[in-house]
Amino acid sequence: MHEVCSTLEQFDETHDHLGSMESFSQYVQALQVLGVEKYDSYLTDGHSEFFGKDGHKIVSPSVHVTLTYEQFRYGFTNALSEEEARQLYDRYAVPGSGTPVFQAAATNLNPWTEDQLNIRNPERGPLLLIAGEQDHIVPLAVVKAAYKLQQQNPSVTALREMSGREHSLIIDHGWREVAEFASAFIAEHLLSDQ
């Protein structure tokens, strides 16, 4: 390993230069050079803890991200009326950390993540992927790729494309259609196994 563990300023500088999806593998390598053996990030307040040799730990400050209405509209409610989008923003938009999204998106690139996926796990039960055709957060192409990957598992894997729907499909006016389809899937594949 390299030096014991660096300073928070060095982590910030590394993140500023390499902290994007395009350079994530370089970011992980740079953290290793700085002496990071493991790190954890927390959804509750967005801070991260970096661990090095001999129990050395550096804690980043709390970070909250609050989406503007325009960001929320683009990401979550792009296929809804302006009125419904505004109602959902007022009711559901809360400050939170962007770190878990970044970690999940880069799970296969981060050797320290707990988010790793074993697609061939024989213990995995039936899996239903529901995708909004107009989702900007998790585009349909991403869900289809996950579906293709998950089909390697011996258990049931199903994909339901929701035409004209976006990321807010479980909280907007059409939530009942999603819930009914999910309930039917559970009844067919999970409850019948008991």
Side-chain angles (χ1 to χ4, degrees), residues 15 18-25 27-28 40-44 46 48 63-82 84-121 124-153 155-186 189-190:
H15 184 76
L18 298 170
S20 71
M21 288 305 303
E22 293 79 26
S23 59
F24 190 74
S25 62
Y27 177 66
V28 171
D40 292 320
S41 295
Y42 295 84
L43 179 62
T44 54
S48 294
V63 177
H64 290 287
V65 176
T66 303
L67 296 179
T68 65
Y69 170 72
E70 291 75 22
Q71 292 167 327
F72 184 85
R73 177 90 169 118
Y74 176 83
F76 292 88
T77 60
N78 52 292
L80 299 178
S81 71
E82 186 71 26
E84 184 175 9
R86 180 61 71 177
Q87 289 171 351
L88 293 178
Y89 178 78
D90 291 343
R91 183 170 184 180
Y92 294 109
V94 295
S97 171
T99 303
V101 174
F102 186 70
Q103 283 181 319
T107 188
N108 293 326
L109 302 173
N110 180 354
W112 307 302
T113 186
E114 289 86 19
D115 298 330
Q116 293 176 354
L117 180 62
N118 175 3
I119 59 170
R120 291 183 177 83
N121 178 359
R124 193 206 88 192
L127 174 65
L128 171 61
L129 301 171
I130 300 176
E133 174 192 35
Q134 296 182 26
D135 194 330
H136 287 169
I137 301 292
V138 185
L140 183 57
V142 171
V143 180
K144 285 183 174 182
Y147 173 68
K148 183 177 179 182
L149 192 63
Q150 287 291 342
Q151 284 184 303
Q152 297 174 43
N153 189 283
S155 190
V156 172
T157 303
L159 170 63
R160 173 65 186 259
E161 296 178 33
M162 306 298 287
S163 179
R165 301 298 298 281
E166 71 302 301
H167 200 71
S168 68
L169 53 82
I170 62 167
I171 59 170
D172 65 26
H173 70 277
W175 69 268
R176 192 173 309 275
E177 177 187 7
V178 178
E180 288 171 355
F181 188 82
S183 294
F185 179 85
I186 291 168
H189 296 289
L190 294 179

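None of these values were measured; they are calculated from a predicted model. FYI, side chains are in, hydrogens and waters are out, and symmetry mates aren't considered; it's all heavy atoms of this structure.
Across all non-hydrogen atoms, the minimal contact from Ser155 to Gly125 is OG-C, 3.1 Å. Pairing each heavy atom of Ala131 with each of Leu140, the nearest pair is CB-CD1, 3.5 Å. Closest approach of Gly164 to Ala79, counting heavy atoms only: O-CB, 3.4 Å. The shortest heavy-atom contact between Ala85 and Tyr69 is CB-OH, 3.5 Å. When all heavy atoms of Phe185 and Ala158 are compared, the pair lying nearest together is CE1-CB, 3.6 Å.
Atom CD1 of Ile170 sits in a sparse spot, with 12 or fewer heavy atoms from other residues, nucleotides or ligands closer than 6.0 Å.
Panel note: side chain Ser81, backbone Glu84; a donor-acceptor pair is recorded below 3.5 Å. Side-chain atoms of Gln150 do not come within 3.5 Å of backbone N or O of Leu127 as any donor-acceptor pair. Looking only at distances, no side-chain donor or acceptor of Asn78 sits under 3.5 Å from a matching main-chain atom of Glu166. Under a 3.5 Å cut-off, the side chain of Gln71 and the backbone N or O of Thr68 do form a donor-acceptor pair.
The CD atom of Glu177 sits 10.0 Å away from the CG atom of Asp172 when rounded to the nearest 0.5 Å. The CG atom of Leu80 sits 6.5 Å away from atom CZ of Arg73, with the distance rounded to the nearest 0.5 Å. The CG atom of Leu88 sits 10.0 Å away from the NE2 atom of His173 when rounded to the nearest 0.5 Å. Between Gln152 atom CD and Asn118 atom CG the span is 10.5 Å, to the nearest 0.5 Å.
Listed by first and then second residue, the salt bridge (charged side-chain N to carboxylate O under 4.0 Å, His left out) pairs that reach into residues 124-137 come to none, sequence neighbours excluded.
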Audit row: His136, Tyr74, side chain to side chain contact (heavy atoms under 4.5 Å, CB included) steps and yes/no: CA-CA 7 Å; His136 287 169; Tyr74 176 83; 3.2 Å; yes
Let's go through Arg91 and Ile171 carefully: what are the C-alpha distance in whole Å and the side-chain angles of both, what is the deciding distance for side chain to side chain contact (heavy atoms under 4.5 Å, CB included) to 0.1 Å, and is it a yes or a no? CA-CA 10 Å; Arg91 183 170 184 180; Ile171 59 170; over 6 Å; no
Evaluate side chain to side chain contact (heavy atoms under 4.5 Å, CB included) for Met162 paired with Ile130, printing each intermediate quantity in order. CA-CA 7 Å; Met162 306 298 287; Ile130 300 176; 3.7 Å; yes
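With sequence neighbours left out, Phe181 forms a side chain to side chain contact (heavy atoms under 4.5 Å, CB included) with Leu128, Arg160. Listed by chain and residue number, Glu161 satisfy the salt bridge (charged side-chain N to carboxylate O under 4.0 Å, His left out) test with Lys144 (two or more places apart in sequence, or in another chain).
Taking the six-membered ring where tryptophan is involved, the planes of Phe76 and Phe72 are essentially parallel, since the angle between them stays under 30° and well short of 60°.
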